[in-house]
Amino acid sequence: TATATATATSSSSSPKRKVTLLVPWLSASDQERIYPNGLRFETPDEQEAYVRSWVANRVGFEPQFKLRFYAGRYAPDYGSILPVGDLA
């Protein structure tokens, strides 16, 4: 989410802090359901490049956090993205 990304960016601005942002990797059909304006990603690397560019354009510097992806799925009954399997 934008809030989590903003928090990770702010927290990572100090070189003493190591920040990892966990991002769900969704199937193409789930991406189609929830991402706006036809936004789709073929690979996690493509999504990471998009997230980093999105953040840099808003804060004016390159974010220093790590991005890690976990398998997720959209659960329409809950209106949420849920992890598939263990996040550890």
Side-chain angles (χ1 to χ4, degrees):
T1 68
T3 303
T5 305
T7 301
T9 301
S10 175
S11 297
S12 72
S13 64
S14 169
K16 293 181 181 179
R17 292 187 176 164
K18 306 276 188 213
V19 176
T20 301
L21 181 63
L22 290 174
V23 178
W25 176 251
L26 301 174
S27 68
S29 61
D30 280 349
Q31 288 183 38
E32 186 175 316
R33 293 175 89 176
I34 66 168
Y35 292 164
N37 305 319
L39 184 63
R40 305 291 177 272
F41 305 103
E42 295 290 325
T43 66
D45 288 340
E46 184 182 348
Q47 185 172 351
E48 179 173 352
Y50 177 85
V51 169
R52 289 187 180 283
S53 174
W54 183 87
V55 170
N57 287 332
R58 280 155 184 77
V59 299
F61 62 88
E62 293 295 320
Q64 297 303 309
F65 54 77
K66 293 180 183 177
L67 259 79
R68 296 291 180 256
F69 289 89
Y70 66 89
R73 70 173 177 85
Y74 179 64
D77 292 344
Y78 298 103
S80 296
I81 297 171
L82 303 176
V84 176
D86 187 2
L87 294 180

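Everything numeric in this text was worked out from a predicted model, so none of it was measured.
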Exercise for the section: May I ask you to check whether over 12 heavy atoms, not counting those of E32, lie within 6.0 Å of atom CD? Expected result: no

Atom pair [atom1] ([X]) and [atom2] ([Y]), whose distance is rounded to the nearest 0.5 Å:
{"X": "L26", "Y": "I81", "atom1": "CG", "atom2": "CD1", "result": "4.5 Å"}
{"X": "Q31", "Y": "W25", "atom1": "CD", "atom2": "CH2", "result": "5.0 Å"}
{"X": "R17", "Y": "Q64", "atom1": "CZ", "atom2": "CD", "result": "14.0 Å"}

Exercise for the section: Report yes if the side chains of F69 and P24 come closer than 4.5 Å at any heavy-atom pair, otherwise no. Expected result: no

Exercise for the section: Answer whether the closest heavy-atom distance between the side chains of Q47 and L67 falls below 4.5 Å. Expected result: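 No, side chains not in contact.
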
Exercise for the section: Go through the structure and list residues passing side-chain contact (heavy atoms from CB on, under 4.5 Å) with A75, not counting sequence neighbours. Expected result: R73, Y78, L82

Exercise for the section: Quick one: list whatever passes side-chain contact (heavy atoms from CB on, under 4.5 Å) with R33, sequence neighbours left out. Expected result: D30, Y74, P76

Exercise for the section: Identify the heavy atoms of V84 and G72 that sit nearest to each other, and give their distance. Expected result: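 That would be CG2-C, 3.9 Å.
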
Handout entry: Minimum heavy-atom distance between R40 and E46, given as atom pair plus value
Key = O-OE2, 3.8 Å

